[in-house]
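Please read through the structure below; I'll follow up with questions.
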Amino acid sequence: MDEISGLVQQFTGGQADPQQVGQAADQHLNSVPPSEVQQQLQTAADNAENNGNGELASTIRNMLDQHGGGQGIVGEAVTLIKSNPQVLQHFEPEFVRGILSKI
């Protein structure tokens, strides 16, 4: 997990191009089933809430309520990650690794 935290810090510290992060997220999220994206978003919402970031948790849950497990959730998740790369710290490490490996 420390490895993931370090990599996420690079992206949240402005060292990564948001366009690159968005493209990597788009590639990875479109290569997994929407149901997995939905599950990862639920995990991220739970982790964000447990880490005191209720606003982010609420944003993610609203996305889930609006889009469920359909393909629309993938696009919303990509947009969220591109505009807010620090959200990656709330996903499961293997999922994050899949995104970061595309950069």
Side-chain angles (χ1 to χ4, degrees):
M1 187 64 183
D2 289 335
E3 171 192 353
I4 295 298
S5 295
L7 290 170
V8 170
Q9 285 292 27
Q10 288 181 346
F11 297 109
T12 59
Q15 297 176 8
D17 176 9
Q19 191 66 28
Q20 258 189 329
V21 174
Q23 287 175 347
D26 186 49
Q27 286 177 1
H28 183 68
L29 271 64
N30 279 296
S31 72
V32 298
S35 60
E36 183 178 340
V37 175
Q38 179 184 16
Q39 179 183 5
Q40 289 296 324
L41 285 168
Q42 184 61 55
T43 297
D46 293 344
N47 289 340
E49 188 167 327
N50 291 337
N51 290 317
N53 196 337
E55 185 176 331
L56 178 59
S58 179
T59 297
I60 296 170
R61 287 193 177 107
N62 286 340
M63 284 174 39
L64 288 167
D65 288 344
Q66 289 179 348
H67 298 283
Q71 191 62 33
I73 195 67
V74 173
E76 288 295 315
V78 169
T79 299
L80 175 67
I81 293 167
K82 184 177 178 180
S83 66
N84 190 6
Q86 53 270 52
V87 74
L88 291 173
Q89 67 188 328
H90 299 294
F91 287 94
E92 291 179 10
E94 283 303 311
F95 191 75
V96 174
R97 237 182 238 111
I99 294 171
L100 299 181
S101 71
K102 307 268 193 267
I103 295 179

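Owing to the predicted nature of the structure, the values given are computational and were not obtained by experimental measurement.
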query: Can you name the closest pair of heavy atoms from Leu56 and Ala48 and give their distance?
result: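 Closest approach of Leu56 to Ala48, heavy atoms only: CD2-CB, 4.1 Å.
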
message: List the residues meeting side chain to side chain contact (heavy atoms under 4.5 Å, CB included) with Gln66, not counting sequence neighbours, and say none if there are none.
response: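 Testing Gln66 for side chain to side chain contact (heavy atoms under 4.5 Å, CB included), a comparison that skips the adjacent residues, returns none.
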
Main-chain N/O of Pro33 paired to Glu36 side chain as donor or acceptor, under 3.5 Å: no

query: Which heavy-atom pair separates Ala77 from Leu41 by the least distance, and what is that distance?
result: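 Scanning both residues, the minimum pair turns out to be CB-CD1, 4.0 Å.
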
- request: Evaluate side chain to side chain contact (heavy atoms under 4.5 Å, CB included) for Gln40 paired with Glu92, printing each intermediate quantity in order.
  value: CA-CA 7 Å; Gln40 289 296 324; Glu92 291 179 10; 3.3 Å; yes

- prompt: With a 3.5 Å cut-off and no angle check, do the side chains of Gln19 and Lys82 form a donor-acceptor pair?
  reply: yes

Atom pair CD (Glu76) and NE2 (His67), whose distance is rounded to the nearest 0.5 Å: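 That separation rounds to 3.5 Å.
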
task: State, with a plain yes or no, whether a side-chain heavy atom of Val32 is found less than 4.5 Å away from one of Phe95.
output: yes

message: Testing the basics here: between Val21 and Pro85, what is the closest heavy-atom pair and its distance to 0.1 Å?
response: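 The answer is CG1-CB, 4.4 Å.
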
message: Using 0.5 Å steps for rounding, measure from the CD1 atom of Ile73 to the OG atom of Ser35.
response: 11.5 Å

- request: Evaluate the criterion side chain to side chain contact (heavy atoms under 4.5 Å, CB included) for residue pair Ile99 and Phe91; output intermediate values, then yes/no.
  value: CA-CA 11 Å; Ile99 294 171; Phe91 287 94; 5.9 Å; no

field: Side chains of Thr59 and Asn84 in contact at under 4.5 Å (non-hydrogen atoms)
entry: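 No; the side chains remain at least 4.5 Å from each other.
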
query: How far apart are the closest heavy atoms of Val78 and Asp26, and which atoms are they?
result: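 Closest approach of Val78 to Asp26, heavy atoms only: CG2-CA, 3.6 Å.
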
task: Taking side chain to side chain contact (heavy atoms under 4.5 Å, CB included) as the test, write out the residues that go with Glu49, two or more places apart.
output: Ala57, Arg61

- request: State the CD-CG distance between Gln38 and Leu64, to the nearest 0.5 angstrom.
  value: 6.0 Å

Test item: side-chain donor near acceptor, Asn51 and Asn47, under 3.5 Å: no

Worked verdict on Ile60 versus Val87 for side chain to side chain contact (heavy atoms under 4.5 Å, CB included): CA-CA 10 Å; Ile60 296 170; Val87 74; 4.0 Å; yes

- prompt: In chain order, what residues pass the side chain to side chain contact (heavy atoms under 4.5 Å, CB included) check against Ser83, with sequence neighbours excluded?
  reply: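 For Ser83 there are no side chain to side chain contact (heavy atoms under 4.5 Å, CB included) partners, ignoring immediate neighbours.
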
